[in-house]
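Residue numbers begin at 1 in each chain, while the letters A, B, ... track the order of the sequences.
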2 protein chains.
Amino acid sequence: MWLRPSARRERGAPPLSRDRIVQEAVALLDAEGADRLTMRRLAERLGTGSTTLYWHVKTKDDVLDLALDAIFAEVEIPQKSGEGWRADITALINGWRAVLLRHPWSAALLSRPMLGPNVLARSEFLYATLLAAGVVEPHLTAAAYGLSNYVIGSGLMQATWPADAEQEVRRAAREHLQSNRERYPALAAHGPLVAEGDWDTGFALGLTWLLDGIQAGVTDAGGTAGGAARA
Amino acid sequence: MWLRPSARRERGAPPLSRDRIVQEAVALLDAEGADRLTMRRLAERLGTGSTTLYWHVKTKDDVLDLALDAIFAEVEIPQKSGEGWRADITALINGWRAVLLRHPWSAALLSRPMLGPNVLARSEFLYATLLAAGVVEPHLTAAAYGLSNYVIGSGLMQATWPADAEQEVRRAAREHLQSNRERYPALAAHGPLVAEGDWDTGFALGLTWLLDGIQAGVTDAGGTAGGAARA
DNA sequence: TCGAGCACCGGATCATTGATCCGGTGAATG
DNA sequence: CATTCACCGGATCAATGATCCGGTGCTCGA
């Protein structure tokens, strides 16, 4: 023992830190999904005892919160390069969406308050861009929430029905629809599980609608909402 | 024991059934939230042993799936009464949203495949209405998903920040924003936690934008998407 | 040089929870 | 009247989140 260079460093592991825990948690979540994330499993991957984690982190929920905020760092905040607010916002939303799909487990975690620095920074950019574009209340909140809700919903939905895996579930679901086609004629003929249409163009289309609505409210100077003519 | 009229019925409980389990599960979820739902607690409320539940239901996830589908029955499917497709869809979406907010726990469960009869019936109505309105691909999927994603996202978001309870968390969050106002100027000044604007009008506004976009794609007969002029 | 303090680690342990085993119980049925 | 079968539940198991408490080695001041 007089010569041993610190058992932990022997294993080649750098000293434990909150960052390393979070990083490994994201990796574990990516690899095996949310329900397989255990403090013990996480500790094992880190080469430490499970109880050690609790020195760096108060609860498991902390790990989840940190992991959720960590992946938002992958969303690059567009530089306001004169492309116009629509381009900027589109870039942000698309980046956000890409992250949600790259880490499908995240969609299910969005039900917890997101107050991490990375999340806030992106929200700040969204609000700032909308403000600079001349969007005012009540369109401002509607726009910010509408866009966020739209990405979140899309991510959640698409993460639920991953195109790659789960072929078995998809097939069973499709079959179920077909065998009840008199009860669900429209779904059986044009439903989502039938038309394997790519989600991307659908998402882009809906995004355009939202942006059009926002823009209409801006160009019409104040007064009654521009695009909200009918209904 | 010769006279006892069946111990269970003595307690005044009707015989256990899958429906009764689901009904009680919804009540428990409404009252205490998703994380407090335990097979034991559920059984206790039903006046039975916890293991008995497993005769009627295979796993706990089954209970959740059933509960989720059960609340969708509360969304009334509009009668096509000549009000026009916008009115019909608006009614459906608003009803859906109302249910999500009435049962906040449901938002967090939306990450699981929804294939229950009640959910499917509502999706069927949505697709049928859009089809009847003349919406065609790729606008059809975009419209159906856009609307669904929008409600889901909104419900999720709003369930995360309930206006009634959690005052403590809201206050802390607001304070956090204020103390970092130079980093988040726009959020601190116009952010959601600051402007207590009612979610309803914001939601309605965004819904109108989506409907406008859908409608524009219909009136323009085919070809390039109507409302998607710019960007 | 040395010993006290401190940041950091982990084995043992506890309560809770989802799920199963296996033995009941009573009403209907032939 | 015996048998069957739908239905029930105590005991129990494994996994998990979390805590207690005792190490271990580095650092820093005297």
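If you take CZ of R40(B) and P of dT12(D), they are 14 Å apart, rounded to a whole angstrom. Per the geometry, CG belonging to L53(B) stands 14 Å off P belonging to dT17(C), to the nearest Å. Nucleotide dC21(D) holds its C1' atom 17 Å from the OH atom of Y54(A), rounded to whole Å. Computed from coordinates, the K60(B) NZ to dA19(C) P distance equals 8 Å when rounded to whole Å. The separation between M39(B) atom CE and dG9(D) atom P is 14 Å, rounded to whole Å. If you take CZ of R18(A) and C1' of dA7(C), they are 15 Å apart, rounded to a whole angstrom. Spacing between atom CZ of R36(B) and atom C1' of dT17(C) amounts to 13 Å, rounded to whole angstrom units. If you take CD of E44(B) and C1' of dG10(D), they are 16 Å apart, rounded to a whole angstrom.
Remark: H56(B) is in phosphate contact with dC8(D), judged by side-chain N or O atoms under 4.0 Å from OP1 or OP2. For dC8(C), the OP1/OP2 oxygens have no side-chain nitrogen or oxygen of T52(A) closer than 4.0 Å. Dashed line: the shortest gap from a side-chain N or O of T38(A) to OP1 or OP2 of dT16(D) is under 4.0 Å.
In this structure, the side chains of N94(B) and L207(B) come closer than 4.5 Å at one or more pairs of heavy atoms. Residues W55(A) and R18(A) have side chains not in contact (no heavy-atom distance under 4.5 Å, counting atoms from C-beta outward). Counting heavy atoms from C-beta on, the side chains of I214(B) and H139(B) never come closer than 4.5 Å.
Side-chain proximity of T59(B) to the nucleotides dC9(C), dA19(C), dG17(D) is greatest for dA19(C). Listed candidates were dC21(C), dC20(D), dG18(C). Nearest to the side chain of T51(A) is dC20(D). In the set dG18(C), dC8(D), dA7(C), the nucleotide with an atom closest to the side chain of W55(A) is dA7(C).
Looking at heavy-atom distances under 4.0 Å, L37(B) makes contact with sugar-phosphate atoms alone, never a base.
Between E168(B) and R171(B) there is a salt bridge, since at least one side-chain N of the basic residue sits less than 4.0 Å from a carboxylate O of the acidic one.
For R122(B) and F72(B), the positive end is not near the middle of the six-membered ring at less than 6.0 Å and at most 45° from its axis.
Nearest-nucleotide assignment on DNA chain C puts the 5′-proximal partner with G49(A), out of G49(A) and R41(B).
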